[in-house]
Every structure is written in C-alpha cells, then in structure tokens.
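Shown next, in structure tokens, is the structure this report addresses.
On a predicted model such as this, the values are computed, not experimentally measured, just so you know. Each residue takes its place number in the sequence, starting with 1.
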Amino acid sequence: MALFNQSRSNIIRLIFVGVFLIIIVQLFNLQILSGKYKQLAMDNAVFPKVKYPDRGIIYDRKGRPILNNTIMFDLVVTPNEARKIDTFGLCEILSIDTAEYRKRMLDARFKNGPYRPSIFQGLLTPELHARLDENIWKFPGFALIERPVRVYPYNAGAHIMGYIGEADSSIIKRSGGYYRMGDYVGRSGIEAYYEQVLMGQRGVEYLIKDNKNRLVGSYENGIFDTAAIAGRNLRTYIDIDLQVLAEKLIRNKVGAVVAIDPKTGGILAMASGPTYDPNSLTGSNKQKNYGQLALDVAGPLLNRAIAGLYEPGSTFKPLGGLVALNEGVITPSYGYNCGGRYYGCGHGKPACTHSNPGHAANLRLAIANSCNSYFVQVYRNTVDNPKYGNVKNGYEKWKEYMNHFGLGERTGVDLVSEQAGLIPDTARYNRVYRGSWNSCTNLTLGIGQDMMQTTPLQMANAMCIIANKGYYFTPHFVQKIDDENAEDTLMRQFRKKHEVLTNISDEAYEAIMAGMQQVVDGSASRAKVAGIEICGKTGTAEKYRVIQGRRIKLDDNSVFVCFAPRHDPKIALAVVVENSGFG
C-alpha cells in the first residue's frame with residue numbers, strides 16, 4: 001500500500017512537472033519565437049503616424065514662389081482597430097449617415113487592408129478638424145494626420161502647374177509599391193512631369209496610445225522614427241507678372257498665349273482660355289470642383305497652348321517663304337501679279353485682302369500685305385520643283401522642312417499631354433483623293449490652311465527659329481532643379497542646342513524678317529512699341545463645322561506671332577483667339 005501511494009505521488013509530480021514545462025515552452029514561444037502577439041501589443045499601444053513630405057516649391061524667374069505648400073489634415077482609420085466606437089457620434093461630426101460610414105470602412109479594408117491606416121475623410125476644413133481634434137479619443141482606430149497641400153499665391157498658372165491627386169491602384173502598381181493608398185502624386189502639368197523631383201519621401205513617427213486611444217507621447221524617445229524628406233524645388237523661367245497679364249488678356253476668350261525666350265527656350269508665360277482657379281483643386285471641395293470642371297463644355301481643363309489644334313493661317317507664310325528661298329524657287333525680289341484672287345488653278349481661289357497693283361511685287365511686300373495668291377504660288381513652286389521629279393516627292397521634301405521647323409511633331413515641352421499637330425503625309429492625301437492629287441489640290445497649305453494643324457506652342461517655337469536664324473532649344477519651363485546632381489537627367493534634353501537646316505543662309509532669314517518687321521510697322525501697328533524693332537505676322541484662319549451633313553462656316557480664328565527685338569531677340573510670342581473674326 002505504501003508502494004502504491006509513492007507511485008501515485010510520483011505520477012502527480014510528473015504531471016505537474018510536465019504542465020510546468022509546457023507553460024515554460026509556451027512562454028518562450030510567445031515571448032521569444034512568435035512576433036504575432038508582440039505585434040498585437042504594439043498595435044494596441046503604438047500608433048505609426050505617417051509624416052507626409054512637403055512637395056518641392058516652384059519659383060518664378062525672380063525667385064518668387066508661385067506654387068507653395070500649406071497644411072491641412074486627413075482623418076485616417078485602421079479598420080481592425082475601429083471597434084466599439086460611437087458610430088453615430090462620428091457620423092454626426094462628419095455629417096454622413098451610417099450607410100456612408102460602412103461603405104468607407106469597406107473601401108478602407110479593400111484598398112489598404114484591415115491593419116493599415118487609410119484615409120477615411122481627406123483634407124478636412126479647419127472647423128471640422130477642430131471638432132475632431134477634441135473628440136478623437138472617443139473613436140479608437142481613427143487618427144488625424146497632417147497633409148501638406150498645394151497653394152497658388154498668385155492664383156495663376158493652373159494649366160502650367162497642374163494639380164495633385166491621390167494615387168490610384170494603377171499608379172501604385174506602376175511604382176512597384178513605392179506609392180501607397182493615401183499618397184498624392186502629380187496628375188497634370190509640371191506637377192506630373194517633375195513628380196520624381198517634387199514628391200519627396202514620406203517618414204513615420206511612432207506614438208504611444210493610452211487606454212482611451214489618446215496619443216500621449218513618443219515611443220522609445222523616437223529612436224525608430226524616420227523623418228520625412230521634402231521634395232526638391234524648381235526654378236523656372238516663368239515671369240509671374242507676365243503670366244498674370246496673359247491670363248487677364250485671354251479672360252472671357254477661347255484660345256492661348258505662349259511667350260518664349262528664344263535664346264534659351266525658356267517659357268516666360270503660357271495662358272489658356274478659359275482657365276480656372278488652381279486653388280479650387282487643392283482643398284476639401286477638390287473632388288466636387290474637379291467634377292464640375294470636367295463636365296464644363298467650355299473645356300477649362302484643356303491646355304490649348306499645347307493641346308489645342310489650329311490652322312496657323314497667314315502666320316505660316318514666313319516659314320513657307322523661307323523654305324522657297326532655300327530651295328531656290330524664289331528670290332527676295334520675286335513678285336507675283338495679284339489682282340485680288342488666285343487663278344493659277346483655274347477657280348479663282350483663294351481670295352486676297354488686297355487687289356491694288358504691286359502689293360506683292362517682292363517677298364517683303366507680300367509678307368507685309370499678306371498676299372494669299374503670292375504664297376499659294378510659292379507653295380506650288382516648292383512642291384512642283386522639277387528636281388524632285390513629281391509633286392509627291394516635292395511634297396515629301398516640303399513636309400520634311402515643316403518637321404524640321406517643329407510642325408507636325410511634339411516639341412518635347414516639360415508638360416504632359418502635348419499634341420503633335422498635323423502636317424499630313426502623302427499617304428493621307430493618297431487615301432483621301434485615291435492617289436489622284438497635285439499642288440492645286442492642297443494649295444491652301446501655302447497659307448496655313450487645308451489639313452495643316454499646329455499648336456500655339458509650335459508656332460511660338462517656329463518664331464524662335466526665325467529669330468535665332470536657324471536654331472532653338474526645346475521649349476521648357478524649368479531652368480534649374482535645386483541640389484541637381486549628376487544622376488539627374490531630366491534637364492539635359494533642354495540644354496541641347498538644335499541646329500535647324502544649317503544650309504539656310506542669314507540673308508534668307510533677313511529677307512523674311514524685313515517683311516515681318518514691316519507688318520508691325522504697317523498693318524499690325526497696334527503691336528508696335530516705340531524704340532523696339534518687332535517682327536510679327538497676323539493671321540486669319542477659316543473655321544468650319546459639319547452639322548447634319550452640311551459644312552457650316554464659323555467665325556474665323558485670329559492668330560498673331562512675333563519676336564523682338566529683331567537684332568537681339570528676347571521674346572517670341574504666339575497668340576490664338578478662337579472665332580474672334582479677322583486677325
């Protein structure tokens with residue numbers, strides 16, 4: 001009996017020892033081997049507060065900030081922590097119903113997962129932020145995060161600067177996961193083109209939470225925190241005073257203005273009408289405002305300076321004359337006996353605005369008087385040049401010239417969504433006219449019409465080429481990136497000098513300039529500035545629209561191009577105003 005009791009005692013001891021060993025092993029597993037519960041404890045006690053970086057500031061040529069930052073707040077939620085909260089109280093503060101609350105919670109779980117903070121309501125108004133700030137402890141899982149947002153001090157440059165918006169799934173995927181839900185990225189303009197420079201790098205600050213979800217201090221004295229790194233600043237060629245003036249002048253009109261420094265390719269101003277208040281796409285109502293702008297039939301979001309397609313009309317004539325001079329089919333003294341209409345193709349079209357004898361007695365007078373007949377004949381002389389064998393070969397050579405002058409091709413400006421315009425090739429004419437066409441078919445190309453389409457930026461850049469007598473720099477806004485280093489490649493393309501057809505003589509350019517200067521001294525005298533030699537050209541481009549199968553003529557577009565001063569050019573300009581009548 002004593003032996004039995006001793007055996008039973010040993011068994012009980014072994015059971016206790018086994019249980020104790022199991023407890024020790026499990027404690028070792030929980031505290032040393034498994035991070036799951038440690039992470040849960042961390043999640044309950046520590047809040048990782050994202051520190052969004054300030055985006056780079058954009059300055060004008062005089063060092064004035066024309067796109068800056070201010071601070072607003074986002075309300076973020078970590079879905080798995082948002083339990084047993086006063087849902088009705090939060091909905092009352094946010095002025096939403098419980099259905100909208102549930103929808104946002106599901107979106108947060110779906111887009112960013114249950115354990116990561118997602119934006120529940122972004123860019124809070126100051127009043128709403130104040131109410132939430134004093135009540136946030138009531139809502140576990142919710143927090144307020146600072147968000148740098150853009151501000152436009154001069155209320156100008158909307159189409160140039162662009163806007164930022166939250167990164168969507170496609171942007172996040174293309175970034176290889178660098179961007180997360182809640183990050184803002186450039187969606188248009190300079191903001192988009194220079195995103196990698198402007199964006200900066202987010203940081204994180206770990207804060208301790210008490211049992212009422214209040215943030216009470218830094219975790220481990222901040223040794224695990226990482227600072228946000230601000231984006232780099234951009235120094236531009238923009239003159240904000242000139243930009244504001246250009247936008248004022250284009251107000252209540254549809255069209256565009258572009259001003260470039262020919263010596264550098266730096267864009268001094270670019271305005272598109274109608275425009276919009278850029279600050280309307282930065283605050284708490286940005287989504288509502290964007291929706292209204294997107295639905296506006298006037299197209300205020302369209303940057304017509306780079307995406308508006310226009311027939312250049314008579315502003316093209318200096319280029320046509322320059323090509324003909326270089327091809328040797330005319331000389332500066334070449335004249336044409338125009339009586340008010342062109343009869344070279346037998347139908348008396350196009351008409352001219354002048355019929356007095358001698359108004360097209362030479363190239364200078366033909367430019368000054370904008371003789372349509374003269375430049376139609378010049379175009380035909382060029383494409384019918386016998387040395388090319390036939391009109392199609394001659395036309396391809398003419399098109400090659402146009403492409404060299406930047407027409408029919410994107411300029412490469414540092415903005416997104418630039419259009420290439422159109423200089424049709426022979427394949428297009430073969431398709432339209434079933435292979436049967438000649439220089440009479442498209443003779444109005446000589447006066448900047450027919451199928452030719454250009455952007456105001458292309459037209460301003462073409463003036464830079466004439467002003468510089470054969471070279472240009474790719475048009476661009478940014479002169480310098482702060483802290484630029486050898487790895488930066490964005491700016492290289494804008495510092496390369498492009499020589500255009502080096503066989504064109506200075507004498508040919510001077511002949512064209514003489515006619516353009518007489519335009520401003522004569523018919524376009526309203527553009528004259530005392531003491532400055534300005535070379536310019538007016539244009540009137542006919543516009544048509546097909547309505548129910550009928551071709552209806554609209555009011556003409558007015559066009560003007562110029563550069564100045566003639567012998568030391570500092571600005572080249574192109575202006576288009578839609579449907580405003582005679583140019």
Give a yes/no verdict on a cation-pi contact between [X] and [Y], requiring under 6.0 Å between NZ or CZ and the six-membered ring centre and an angle within 45° of the axis.
| X | Y | value |
| --- | --- | --- |
| R61 | Y237 | no |
| R55 | Y184 | no |
| R147 | F73 | no |

Polar side-chain atom of [X] near backbone of [Y] as donor-acceptor pair, under 3.5 Å:
| X | Y | value |
| --- | --- | --- |
| N279 | Y152 | yes |
| S175 | I172 | yes |
| T454 | Y310 | yes |
| T236 | Y59 | yes |
| E418 | G412 | yes |
| T226 | G203 | no |
| D183 | A167 | no |
| E146 | K51 | no |
| K496 | R492 | no |

Would you call [X]-[Y] a salt bridge at under 4.0 Å N-O?
| X | Y | answer |
| --- | --- | --- |
| D168 | R187 | yes |
| D261 | K570 | no |
| D521 | K528 | yes |
| R495 | E484 | yes |

Given side chains that start at C-beta, do those of [X] and [Y] come closer than 4.5 Å, heavy atoms only?
| X | Y | result |
| --- | --- | --- |
| R64 | D241 | yes |
| E311 | M452 | no |
| L94 | L132 | yes |
| H498 | T474 | yes |
| D482 | L234 | no |
| L124 | L144 | yes |
| P569 | N468 | yes |
| L75 | F142 | yes |

Original post:
Are a donor atom and an acceptor atom from the side chains of D556 and N579 found within less than 3.5 Å of each other?
Top reply: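 Side chains of D556 and N579: no pair found under 3.5 Å.
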
**OP:** Establish, from distance only, whether the side-chain atoms of R566 and Q517 form a donor-acceptor pair under 3.5 Å.
**Re:**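 Side chains of R566 and Q517: pair found under 3.5 Å.
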
Subject >> Any pair counted as ring-ring contact (aromatic ring centres under 6.0 Å, His included), so long as it reaches residues 255-283, sequence neighbours left out >> reply: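 Found H159-Y276.
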
[X] side, atom [atom1]; [Y] side, atom [atom2] - distance, nearest 0.5 Å:
| X | Y | atom1 | atom2 | result |
| --- | --- | --- | --- | --- |
| I532 | I571 | CD1 | CD1 | 10.0 Å |
| C464 | K263 | SG | NZ | 11.0 Å |
| N233 | N68 | CG | CG | 9.0 Å |
| E409 | N403 | CD | CG | 4.0 Å |
| K288 | L281 | NZ | CG | 13.5 Å |
| Q518 | K537 | CD | NZ | 11.5 Å |

Give the minimum heavy-atom separation between [X] and [Y], together with the two atoms involved.
| X | Y | result |
| --- | --- | --- |
| D74 | G122 | OD1-CA, 3.2 Å |
| A158 | E247 | N-OE2, 4.4 Å |
| Q453 | Q458 | O-OE1, 4.3 Å |
| P274 | R304 | CD-NH1, 3.6 Å |
| L319 | A462 | CD1-CB, 4.0 Å |
| L325 | A511 | CD1-CB, 4.2 Å |

**OP:** Determine, stepwise, if the pair K62 / I240 fulfils side-chain contact (heavy atoms from CB on, under 4.5 Å).
**Re:** CA-CA 9 Å; K62 296 179 182 176; I240 193 60; over 6 Å; no

For [X], which residues count as a side chain to side chain donor-acceptor pair (under 3.5 Å) partner, sequence neighbours excluded?
| X | result |
| --- | --- |
| N326 | Y401 |
| Q121 | R104 |
| D414 | Y194 |

Original post:
Is the F494-F473 ring centre distance short of 6.0 angstrom?
Top reply: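 That pair fails the under 6.0 Å test.
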
Subject >> Pairs involving residues 447-475, ordered by first then second residue, that meet salt bridge (charged side-chain N to carboxylate O under 4.0 Å, His left out) (sequence neighbours left out) >> reply: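 Listed by first then second residue: K469-E510.
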
Subject >> Result of checking N461, V258, T455, I267 against V413 for side-chain contact (heavy atoms from CB on, under 4.5 Å) >> reply: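 Testing each of N461, V258, T455, I267 against V413, the sole residue satisfying side-chain contact (heavy atoms from CB on, under 4.5 Å) is I267.
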
Subject >> Test log, rule side-chain contact (heavy atoms from CB on, under 4.5 Å), inputs V478 and R235 >> reply: CA-CA 6 Å; V478 175; R235 311 283 171 169; over 6 Å; no

Are more than 12 heavy atoms from other residues, nucleotides or ligands located less than 6.0 Å from atom [atom1] of [X]?
| X | atom1 | answer |
| --- | --- | --- |
| K173 | NZ | no |
| Y178 | OH | yes |
| N252 | CG | no |

Subject >> Test log, rule side-chain contact (heavy atoms from CB on, under 4.5 Å), inputs T282 and V151 >> reply: CA-CA 7 Å; T282 62; V151 60; 6.0 Å; no

Original post:
In terms of the angle between their ring planes, are F316 and W398 parallel, tilted or perpendicular, with boundaries placed at 30° and 60°?
Top reply: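 If you compare the ring of F316 with that of W398, the planes turn out perpendicular.
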
Original post:
Between Y219 and Y206, what is the ring plane arrangement, given parallel below 30°, perpendicular above 60°, and tilted in between?
Top reply: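 Perpendicular, since the angle between the ring planes exceeds 60°.
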
Sequence neighbours left out, cut at 3.5 Å: what donor-acceptor pairs do the side chains of residues 289-301 make with other protein atoms?
| from | atom 1 | to | atom 2 | distance (Å) |
| --- | --- | --- | --- | --- |
| N289 | ND2 | S280 | O | 2.8 |
| N289 | ND2 | N285 | O | 3.2 |
| D296 | OD1 | A298 | N | 2.9 |

Subject >> side chain to side chain donor-acceptor pair (under 3.5 Å) assessment of S314 paired with K317 >> reply: CA-CA 5 Å; S314 293; K317 291 172 180 176; 3.0 Å; yes

Subject >> Verdict with reasoning, F563 to I466, per side-chain contact (heavy atoms from CB on, under 4.5 Å) >> reply: CA-CA 9 Å; F563 60 88; I466 295 177; 3.8 Å; yes

